[in-house]
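Note sheet for the following structure.
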Amino acid sequence: MKVSYSSDEERFREEVRKWFEDNTPPDVKDQTLGGSTLEHGLMFKWHKTLYEKGWIVPEFPKELGGAGLSETEQFIFNYEYSNCGAPRLKTKLVSLGMLAPLLLQHGTKEQQDRFIPDMLSGKTIWCQGFSEPNAGSDLASLNMKAVLEGDHFVLNGQKTWTSMADHADWIFLLVRTDSSGKKQEGISFLLADLKTPGITIRPIEALTDHAPFCEVFFDDVRVPKENLVGKMGEGWKLAGALLQHERLNAFPVGELIYAIETVRKKSEKTIYRGKPLIQDPVFRRKLAALEVDCNSLLYTFFRILSQLKVGSAPGPEASFLKVYGSELYRRVMDLNIEALGPYGQSWYNLEEFDNSIHQATMGWINSTSLTIWGGSSEIQRTVIATQVLKLPRK
Amino acid sequence: MKVSYSSDEERFREEVRKWFEDNTPPDVKDQTLGGSTLEHGLMFKWHKTLYEKGWIVPEFPKELGGAGLSETEQFIFNYEYSNCGAPRLKTKLVSLGMLAPLLLQHGTKEQQDRFIPDMLSGKTIWCQGFSEPNAGSDLASLNMKAVLEGDHFVLNGQKTWTSMADHADWIFLLVRTDSSGKKQEGISFLLADLKTPGITIRPIEALTDHAPFCEVFFDDVRVPKENLVGKMGEGWKLAGALLQHERLNAFPVGELIYAIETVRKKSEKTIYRGKPLIQDPVFRRKLAALEVDCNSLLYTFFRILSQLKVGSAPGPEASFLKVYGSELYRRVMDLNIEALGPYGQSWYNLEEFDNSIHQATMGWINSTSLTIWGGSSEIQRTVIATQVLKLPRK
Amino acid sequence: MDFQLSSEHLSLKESVASFVKKDHSFDRLRDLRNDPLGYSKEVWKKMAELGWMGLIYPEEYGGLELDFAFVMVLLEEFGRGLLPEPWISNVLLGGNLVLMGGSESQKHEVLPGVVSGDLMITAAYLENDGRYDINFCATSAEQRGDAYFISGKKIFVLDGLSADRFVVTTRTSESVADKDGITLFMVSPQEEGVELTPLKTMDGRNACILELKDVSAPGSNVIGEVGRGYPLLSEAIDQATAGLCAEMVGGMQASIDLTVAYLSERTQFGKPIGTFQTPQHKAADMFIQKELALSSVYYAIASIDEKTDERALAVSIAKAKCSSAYMEITKAAIQLFGGIGFTNEGDIGFFLKRAKVSEILFGDTNYHLDRYTRLSGY
Amino acid sequence: MDFQLSSEHLSLKESVASFVKKDHSFDRLRDLRNDPLGYSKEVWKKMAELGWMGLIYPEEYGGLELDFAFVMVLLEEFGRGLLPEPWISNVLLGGNLVLMGGSESQKHEVLPGVVSGDLMITAAYLENDGRYDINFCATSAEQRGDAYFISGKKIFVLDGLSADRFVVTTRTSESVADKDGITLFMVSPQEEGVELTPLKTMDGRNACILELKDVSAPGSNVIGEVGRGYPLLSEAIDQATAGLCAEMVGGMQASIDLTVAYLSERTQFGKPIGTFQTPQHKAADMFIQKELALSSVYYAIASIDEKTDERALAVSIAKAKCSSAYMEITKAAIQLFGGIGFTNEGDIGFFLKRAKVSEILFGDTNYHLDRYTRLSGY
């Protein structure tokens with residue numbers, strides 16, 4: 001057993017850290033906590049910078065546009081990326097983070113060649129069309145119809161909670177191609193150009209007053225049948241594989257560590273009754289308790305990385321990373337806003353306020369939703385209970 | 001609206017306080033926290049003292065052996081009783097606290113005359129036979145058979161978690177007299193003399209190393225049919241009425257206040273890093289937070305008392321008193337043991353230790369079970385959700 | 001001991017409830033987010049016409065002279081609908097300071113206007129580095145001749161953007177965190193040297209930063225005695241805090257009602273999500289928290305009404321309890337609503353934001369637990 | 001970075017697991033509650049024969065000289081079965097202090113006996129009013145001629161009732177709470193002036209109060225240097241604490257296994273209670289807590305193994321995390337078992353008691369969070 005990184009890994013870490021220090025634009029730095037607040041022009045520019053460096057999807061092999069990083073290097077990379085305060089890139093999250101790996105495994109050669117290069121360069125932005133108004137936690141109940149007519153599927157229905165749809169070019173979809181059997185079995189996986197006639201996009205305003213997601217309506221939308229991924233009726237299985245792939249990355253621990261570090265630094269600078277807030281015995285105790293939990297989660301990632309090294313992929317038990325991570329992140333953001341004192345009640349866009357206040361209040365609001373998206377805490381706990389602990393389902 | 005007691009109530013409070021101060025034997029005082037540790041001889045003696053004072057069941061009308069207290073006076077009485085540190089009297093808990101009110105409402109004149117006087121004097125000790133091995137939370141599933149043969153019911157089956165059965169004289173029982181219809185409908189309510197042939201009692205040792213409850217086995221036990229309370233098949237309704245009556249008293253808030261006061265006094269005397277523990281900023285903050293919760297619960301009893309004054313009996317919403325009270329009591333006992341430092345790990349019967357350590361460790365163990373007995377927290381939360389908030393059952 | 005509401009209380013409750021239903025809506029809240037004031041002067045005027053500004057003020061100034069439980073009833077209903085009008089800051093804070101400490105001429109100058117809704121008055125007492133401590137006061141008032149000259153900066157002045165008068169804490173003696181030596185001044189925003197910076201709070205209301213640069217104020221603008229402003233301020237803030245707690249309980253109740261309705265109606269996996277045990281038990285916890293918070297509010301309100309020595313303690317208990325309860329309830333509500341709970345299209349999110357602002361207003365849980373500790377003598 | 005166990009580790013794990021299964025049972029625990037020692041000398045001897053006392057000791061003294069991860073593997077399995085034998089106090093505390101600080105002759109006197117299981121040695125360092133502070137030491141050692149004379153009282157000496165030797169902290173200079181000026185002495189219970197008062201812990205093990213009244217000890221009984229005992233003690237306690245954390249994680253796993261089995265088999269309302277959502281989600285939380293605690297233990301064990309500068313910090317993180325996790329898991333387990341969980345007839349209650357004792361042993365969560373704060377420099 002060893003706690004330290006190897007000297008190669010340490011060297012890589014230093015290289016990444018230094019590069020981000022030197023190359024992250026000031027207006028991209030320290031934007032992590034606020035969540036979805038990075039302005040879109042800035043995001044595309046930052047995408048391009050990373051693409052040119054070859055780090056837009058560093059976990060991919062070099063021949064596919066990545067940097068061929070090992071699991072540990074990838075972890076180090078993500079950790080240091082967060083550590084510079086840059087927010088997750090929504091321009092790559094669903095495209096390179098989810099769809100590309102799926103296409104590489106289950107897509108046709110044509111699909112791979114047609115779509116992946118533009119994902120890398122940032123030319124094509126993708127969004128994900130899974131949830132529907134009546135299919136949230138119960139995703140398999142989805143209703144959106146796709147009927148094959150000649151060379152085209154004809155789509156009718158609605159998707160919702162589609163992140164970035166109003167800035168995206170393409171969407172990948174779970175659609176119902178068969179309603180006769182078990183509900184999981186009639187689902188297929190399609191790719192659609194958002195410029196296709198019949199698609200209407202309506203942004204949904206979140207509690208942050210931004211619109212990070214949209215409703216997408218489909219009215220007799222014709223999608224060429226070569227845009228089917230996998231076989232007809234394989235959609236549920238593909239979605240499962242895609243989510244499987246995401247498990248380890250479902251919770252960005254680097255952002256958590258960045259957040260708790262932010263709280264610590266802030267409380268060193270804030271004055272309370274003549275002393276730094278961090279010296280207030282109750283505050284420092286809360287901070288210490290959170291740091292213990294954050295460290296334990298970080299060590300858990302180390303432990304899972306060790307398992308990955310010897311080839312055991314994390315199964316459903318990795319669900320707990322997302323449950324615990326999101327709930328812990330929420331507690332960190334609670335303390336972050338607590339550190340602000342009266343300023344914690346303020347909303348954004350006021351010259352008087354510095355960025356850290358803006359990040360704290362937006363970030364706090366955002367943190368309340370992390371336990372909802374990507375499989376709510378309730379769903380994940382049920383997965384742990386039934387799939388990991390094997391408690392009876394009925 | 002008024003927060004203070006009336007001058008009559010204040011006078012009564014002073015009288016009760018003074019009487020307990022003067023008349024509570026030293027070996028009965030400060031025994032509340034440990035739970036079920038009061039030795040039985042002592043308990044009977046204490047019962048007799050209260051009986052002679054006319055305070056064994058002060059909420060009863062004078063003609064029935066009580067002191068005819070109003071709801072508020074009764075609250076004051078219970079509060080001050082706990083405040084002297086005397087533990088709840090198991091010799092009256094189920095007899096006068098539960099069965100007697102039921103007999104007064106639903107029993108025959110003969111049953112009342114035969115049983116209630118001996119409950120008052122402490123001559124007859126009762127225990128309650130509701131739970132069975134396979135009917136705990138799901139009480140209506142009870143299996144114990146009672147078949148009417150001539151003038152007698154013949155009982156076969158088993159009860160469990162029967163408090164005090166090994167010191168009791170009589171037991172009241174829910175038994176199954178009909179298995180044909182809905183499971184709630186075939187249940188009847190019986191009284192049985194524990195000396196009847198065919199009854200075997202086996203004490204169950206609790207985590208405290210005491211045996212506060214027993215299993216009671218019935219093998220062809222013959223119970224005269226005049227010992228039926230109410231009509232055949234009315235048992236479930238009667239049990240409901242009995243539990244209804246108990247709702248407000250289901251959680252003894254006086255004991256909670258006594259407990260938190262104990263923690264506060266202890267932390268004033270304990271020295272930590274050269275100062276009283278209560279001056280440790282983190283400890284005092286925890287204490288303050290608990291005191292706020294304890295006070296809020298106390299005020300809730302005040303609020304319910306006000307409602308009782310104008311005649312509105314607490315409905316199922318009063319379930320929350322027990323849920324919150326027992327969970328809060330557990331947190332108080334956690335802090336109580338925390339205050340002890342290394343002594344918190346010690347077990348009893350050591351001369352070196354004073355009573356407060358004994359009470360703390362026993363009481364801590366006991367507190368972990370309060371959320372189980374008398375309707376578990378889970379059951380009570382379901383009651384609140386479905387009966388108070390009217391959430392759909394199916 | 002009596003926590004019953006009289007029929008007069010209940011009749012006010014009914015009037016307020018029907019007013020909130022008729023003259024207010026969540027869509028009004030949505031619109032007001034883009035309004036710098038965050039409330040409607042028209043609605044404010046209507047409230048004044050109903051006599052609500054003068055609820056607890058003496059008849060002499062146009063008030064109804066009712067007991068403090070009416071404040072609870074009124075604010076609980078405001079809280080249910082999240083009515084954004086600045087009742088607490090005007091009636092319990094600014095106007096109340098004049099009522100409790102002002103000279104007869106000050107009272108006659110100010111209170112009738114508060115009662116009629118024509119004069120807006122709030123208090124300015126928080127400063128940078130003082131967090132929630134109301135005794136932290138670096139703003140100086142220097143006497144030169146007949147007048148005082150005030151310099152300093154106040155932050156988060158509640159509803160300060162529409163105020164016609166500020167009651168400002170200043171230091172006339174002792175040092176920055178002392179309770180003695182604080183003097184209250186009435187200052188109008190038109191005075192030379194007064195500068196306002198508008199702020200918006202998370203729940204869309206207004207506040208401001210108030211900067212005073214050598215602002216002149218005659219001695220007749222002192223409220224109460226020189227150097228003796230702290231007890232007045234403390235009393236007014238306690239009353240405002242108790243009022244806020246009542247408002248919070250109303251918000252808790254509304255959050256629970258909305259959540260229960262949603263759980264009963266939204267189906268997943270073929271049945272209403274309210275039939276699942278985890279949502280049921282969470283909803284039960286929301287109910288429990290609300291019940292306890294409500295009791296703490298009754299106690300605080302009755303303590304103020306009866307002017308018991310324990311009223312400050314009772315207020316800190318209520319604020320600590322309500323802050324955590326409101327926060328827990330609204331967080332749980334968002335979680336139970338899922339995605340829609342996180343949008344401005346649903347109503348429940350407004351309660352989350354109000355819960356956060358309410359938690360912070362007049363001191364967060366830390367502040368009140370700390371104050372509770374000191375007041376109970378350990 | 002590598003948190004993998006080698007095949008050697010896994011093979012020890014298997015041996016220990018089968019030993020625990022064969023030579024231990026919960027019924028043995030039930031019997032041992034009435035035994036003053038709370039463990040079996042016979043089982044102790046068997047463990048020694050398997051070489052486990054010498055696991056990390058040098059071959060020179062009969063040990064196996066293995067790395068610290070073997071300690072984790074061993075204690076995790078002990079923790080699963082709640083094996084009550086005093087391995088931690090003897091090997092990681094008493095013997096370890098001699099190993100780290102003793103002279104060659106002390107080592108040769110003590111360590112072979114520890115390895116063979118024939119000599120029992122523990123450490124005595126807690127005092128009244130010192131709570132968990134290991135630097136709090138009022139026990140004096142006064143030099144008179146060639147010998148020291150020790151007077152004082154130590155509380156909760158772990159497994160002290162069967163000890164043949166105590167390593168006792170004494171103050172030879174500085175004042176009561178200083179880290180400098182603490183000297184370690186080896187003292188045998190047969191010395192004149194030594195008095196033992198037996199204690200029983202909540203989980204049925206033994207401890208004692210050790211009173212020393214002018215007990216004479218030659219200078220050759222000093223372990224390490226005079227006045228420099230604190231760093232040795234601190235290191236040994238850190239290792240013992242890391243070991244305890246491994247044991248705790250084993251207990252967490254066993255508690256979860258027992259609970260899952262019960263939930264799957266016990267039926268109410270016509271189906272296994274494990275099908276209800278609330279028990280399912282509670283069980284999931286138990287699992288989550290255990291996973292995090294386990295990671296903190298890996299980190300602490302590996303830090304000790306690698307002797308990094310952060311090992312004390314890593315130990316305090318692990319102890320804080322394991323204490324709260326073990327407590328939460330066992331409390332939830334009792335609740336899920338219902339009545340049977342609260343009896344001595346079920347097995348799960350033993351874990352609740354062990355969790356409480358483990359929480360307190362070597363410093364509770366407050367102590368370790370406080371220590372974490374100081375070690376991380378704020």
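Note that this is a predicted model, so its numbers are computed, not measured. Every chain is numbered from 1, with letters handed out A, B, ... down the list of sequences.
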Heavy-atom distances under 4.5 Å only: say whether [X] touches chain A with side chain, backbone, both or neither.
X	answer
Asp133(C)	side chain
Thr278(C)	side chain
Leu126(C)	side chain

What part of [X] is in contact with chain C, defined as an atom under 4.5 angstrom from a non-hydrogen atom: side chain, backbone, both or neither?
X	result
Ile379(A)	side chain
Thr160(A)	neither
Phe213(A)	side chain
Lys286(A)	side chain
Arg381(A)	neither
Ser141(A)	neither

Item to complete: Would you tell me whether Tyr272(A) and Asn366(C) have side-chain atoms, one donor and one acceptor, within less than 3.5 Å of each other?
Response: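 Judged by distance alone, the side chains do not pair up.
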Discussion item. If the contact rule is any heavy atom under 4.5 Å from chain A, which residues of residues 335-344 of chain C qualify, in numerical order?
Written reply: Gln335(C), Gly338(C), Gly339(C), Ile340(C), Gly341(C), Phe342(C), Thr343(C), Asn344(C)
Non-hydrogen side-chain atoms of [X] and [Y] separated by less than 4.5 Å:
X	Y	result
Met327(C)	Asp334(A)	no
Leu277(A)	Arg131(C)	yes
Ile155(C)	Tyr343(A)	yes
Thr368(A)	Thr330(C)	no

Worksheet item: Does the side chain to side chain contact (heavy atoms under 4.5 Å, CB included) test come out yes or no for Gln345(A) and Arg205(C), once each step is laid out?
Response: CA-CA 10 Å; Gln345(A) 67 191 299; Arg205(C) 305 197 188 190; over 6 Å; no
Response to the item:
With chain A, the option among Asp370(C), Ile273(C), Ile360(C) that has the most non-hydrogen atom pairs under 4.5 Å is Ile360(C)
Response to the item:
If you tally heavy-atom pairs under 4.5 Å between each of Tyr132(C), Phe269(C), Tyr367(C), Phe136(C) and chain A, the highest tally belongs to Phe269(C)
Worksheet item: What residue, out of Ala339(A), Ser376(A), Ala135(A), Ala140(A), has the most heavy-atom pairs lying under 4.5 Å from chain C?
Response: Ala339(A)
Worksheet item: Does Lys353(C) make a cation-pi contact with Trp347(A), if we ask for NZ or CZ under 6.0 Å from the ring centre and within 45° of the axis?
Response: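 Satisfied, under 6.0 Å and within 45°.
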Practice prompt. Determine yes or no for a side-chain-to-main-chain donor-acceptor pair under 3.5 angstrom, with Lys356(C) supplying the side chain and Thr361(A) the backbone.
Written response: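 No; judged by distance alone, with no hydrogens or angles, the pair does not exist.
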Worksheet item: Under 3.5 Å, is there a donor-acceptor pair between the side chain of Asp138(A) and the main chain of Gln268(C)?
Response: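 No: the side chain of Asp138(A) does not pair with the backbone of Gln268(C).
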Worksheet entry | Lys/Arg N to Asp/Glu carboxylate O, Arg33(C) vs Glu205(A), below 4.0 Å |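 Here Arg33(C) pairs with Glu205(A) in a salt bridge, since their nearest N and O are under 4.0 Å apart.
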Worksheet item: Which is it for Ile365(A) and Met202(C) under the side chain to side chain contact (heavy atoms under 4.5 Å, CB included) test, yes or no, and what are the steps along the way?
Response: CA-CA 10 Å; Ile365(A) 291 273; Met202(C) 202 186 269; 4.0 Å; yes
Fill in: Worked check of side chain to side chain contact (heavy atoms under 4.5 Å, CB included) between Ile334(C) and Ile372(A)
CA-CA 9 Å; Ile334(C) 299 290; Ile372(A) 296 171; 3.9 Å; yes
